[in-house]
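First comes the structure, then the notes that go with it.
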Amino acid sequence: MICKKCGQEVNREDAFCANCKEPIKHNLIGRVLEPLKQMPLRNWLCVIILFLALIVAGWLLLYSFRPGPYSSKTVTITYVQDGRNTVFFYNDKLLEGTFSGNMLHESTSMYGDLLVFLTEQDELYMVNKKGLYLISNNVAAYRMASYGGGVAYVNSEGELFRFTCKNKKTKQIDTDVLENHISVSSGGDTIAYLKKEADSEVMYCFTGKKAERYAQDRIPIAVSDGLKHLYMVDGSMNLYYASGGKQTEVFRNVANTFAFDNDFSDVLFYADSGSYLFRGGKEAVLVSEAMVNLVCSTELASYSSPLLFSMDTKIVSYGIRSFANKFYEDNNQSLHYVGGKYQSSLIDTLVSAPLVNDKGNRVYYMKDSHLISSSAKGKTSVLAEEVIAFTMTGDGRYLYYTDRNAALWGKRGKLRAKKIADTVSSVRQSGRDYVFYTVPENETNDLYVIRGVSKPKCLCENVGTFSAAAGSAYYEQDGVYYFSNGNSKFKKIYAKAK
């Protein structure tokens, strides 16, 4: 065997040339692999397990730093009135089509990627990433599926239609339909409604192919995809639940206020004696002797951005996954927790502004100017004193609060709070990751963004009012509108005609 570098002969078993010390690659690799060939099977299994563990650890590390659902799924549909015309934006994209007139009723899908509205001329429009689309010019009432799959609407002649948002197809379902009692499932494939028959009103259900008579003297409240869950009331406001064709009475004399989770398996409703929680197949459980409001995290709840900005921003995040293991605040400012087995317990009284992390196991609230944290088991701890207001990122990892001196602080978990800015004018939490705030500077405001408690970044100077939603921010100056998708610089997206 000849060395390729010096040309001297070498032994086939040598790892290096005896003359020039050049490695003999074939033999060197063989020597390295030889111990592995002789390795026992048990040792091989240990190596494989260690290798798989490293892969899983790397995946978890990457997963923990991936963008949250606000930056990957949730979008913002925004509109600006320019004279009589209204123009629409999908994040920073100016959409095709303008609308002239006034909006009377608006609905937004769970991910914020679809806007449906009714006009004063009885026109029904849809706005998605492709632009503005007229659904019908003769609509008396409509209901949109919460995930944006479809819209059910009734015209002035009492004809019921289903509009599929994806393929823009319209199908007539029935006639002589009452416009005030239409329920649509979250996916849009099932519709429950009332129809006139002789001197009575009959409830029908449409499940994708045909409409069938369901019950008499019942008013639909909510229906799920495939008619899996159905809630109804009668003329005396007695609540009924139906599943698999079987009806059961849930409660008598309920108030006309209901809240549902996203698959309609749980319902929160009110009666004269208090607030109750119900899951199909179980009994209604008393949550509080007063009226209560559901408290859940920014990620799980639907919300709209503040209406202090000249651009009307509509954004809705994920639907509420489940009412079990959730916190409730009643109208006496008492905070409750309802566990997985529907046991209700009192956490604290005289609370304000409660927020819950996305796991639903910890609540943050204000009391006597103190910022307090409580677990699902009711164990509380004071996080900060002399607090004016606070907010939280959608994933619940970071808290931000302002003190009585208008200083902004950030805090993660059990770590000590860190001062972010000495004086702030306004603070807006924007989705899962970002928080925007303004700092007064020479009679104007500078706009900053921060992610976590890292170093803030100044995005723009001389800002008046601004709006923040879904990890993005907008502001207007002299009729010109600007957009930033988080921590990037603002760019001009529209200018009003002068």
Side-chain angles (χ1 to χ4, degrees), residues 56-72 74 295-301 303 317-318 320-322 325-327 329 335 337 339-340 345 347-348 351-405 407-422 424 427-437 448-457 468 470-471 486-487:
V56 173
W59 181 84
L60 291 175
L61 183 64
L62 292 175
Y63 182 88
S64 63
F65 288 100
R66 70 171 187 163
Y70 278 87
S71 56
S72 61
T74 313
V295 181
C296 51
S297 73
T298 306
E299 180 184 350
L300 300 182
Y303 76 99
S317 71
Y318 292 102
I320 299 163
R321 294 171 184 165
S322 173
N325 304 312
K326 289 295 179 287
F327 297 88
E329 179 193 13
L335 188 62
Y337 173 78
S345 59
I347 293 178
D348 208 340
V351 306
S352 63
L355 289 176
V356 182
N357 64 359
D358 60 352
K359 295 181 179 179
N361 59 8
R362 182 163 293 276
V363 63
Y364 304 90
Y365 60 92
M366 295 278 295
K367 182 175 181 178
D368 299 328
S369 299
H370 293 167
L371 177 58
I372 301 176
S373 167
S374 175
S375 67
K377 297 181 179 180
K379 184 178 180 180
T380 62
S381 59
V382 177
L383 303 180
E385 300 179 357
E386 298 181 347
V387 175
I388 303 300
F390 81 100
T391 187
M392 178 178 64
T393 54
D395 56 8
R397 291 195 301 169
Y398 292 95
L399 287 171
Y400 301 89
Y401 62 89
T402 52
D403 60 23
R404 64 178 182 177
N405 297 318
L408 177 63
W409 297 76
K411 177 179 175 60
R412 177 178 181 178
K414 297 181 180 180
L415 300 178
R416 293 183 61 182
K418 179 181 179 181
K419 183 183 285 189
I420 297 172
D422 287 321
V424 297
V427 180
R428 304 264 174 87
Q429 184 267 341
S430 173
R432 188 177 179 90
D433 297 313
Y434 297 105
V435 169
F436 296 86
Y437 65 93
Y448 288 80
V449 64
I450 188 169
R451 191 176 188 181
V453 291
S454 58
K455 185 178 179 181
K457 180 179 181 180
N487 61 355

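It should be emphasised that the depicted structure is a prediction, and the values quoted were computed from it without experimental measurement. Sequential numbering from 1 along the given sequence is applied to the chain's residues.
A donor-acceptor contact closer than 3.5 angstrom links the side chains of Arg362 and Ser373.
Among all heavy-atom pairs drawn from Gly410 and Val453, the shortest one is C-CG1, 3.7 Å. Nearest heavy atoms, Tyr437 versus Pro456: OH-CB, 3.1 Å. Closest heavy-atom contact between Ala417 and Tyr401: CB-OH, 3.4 Å. Listed here is the closest heavy atom pair of Asp348 and Lys367: OD1-NZ, 2.8 Å. Scanning both residues, Phe327 and Ser375, for their nearest heavy atoms gives CE2-O, 4.2 Å. Taking every heavy atom of both residues into account, Val424 and Leu408 meet most closely at CG1-CB, 3.8 Å.
At a threshold of 4.5 Å between non-hydrogen side-chain atoms, the residues Leu383 and Leu399 count as touching. Residues Val427 and Thr402 are in side-chain contact: their nearest non-hydrogen atoms beyond the backbone lie under 4.5 Å apart. Considering only heavy atoms from C-beta on, Ser369 stays 4.5 Å or farther from Val387 through its side chain. A 4.5 Å side-chain heavy-atom check between Tyr364 and Phe390 finds at least one atom pair inside the cut-off. Side-chain contact check for Ser352 versus Tyr365: every heavy-atom pair is 4.5 Å or farther apart.
With rounding to the nearest 0.5 Å, the separation of NZ in Lys418 from NZ in Lys411 is 13.5 Å. One distance of note links CG of Leu355 with CG of Leu371; it measures 9.5 Å at 0.5 Å rounding. Here CG of Asp368 is found 10.5 Å from CD of Glu385. Values are rounded to the nearest 0.5 Å.
Although no hydrogens or angles enter the test, the distance criterion places a donor-acceptor pair under 3.5 Å between the side chain of Asp403 and the main chain of Asn405.
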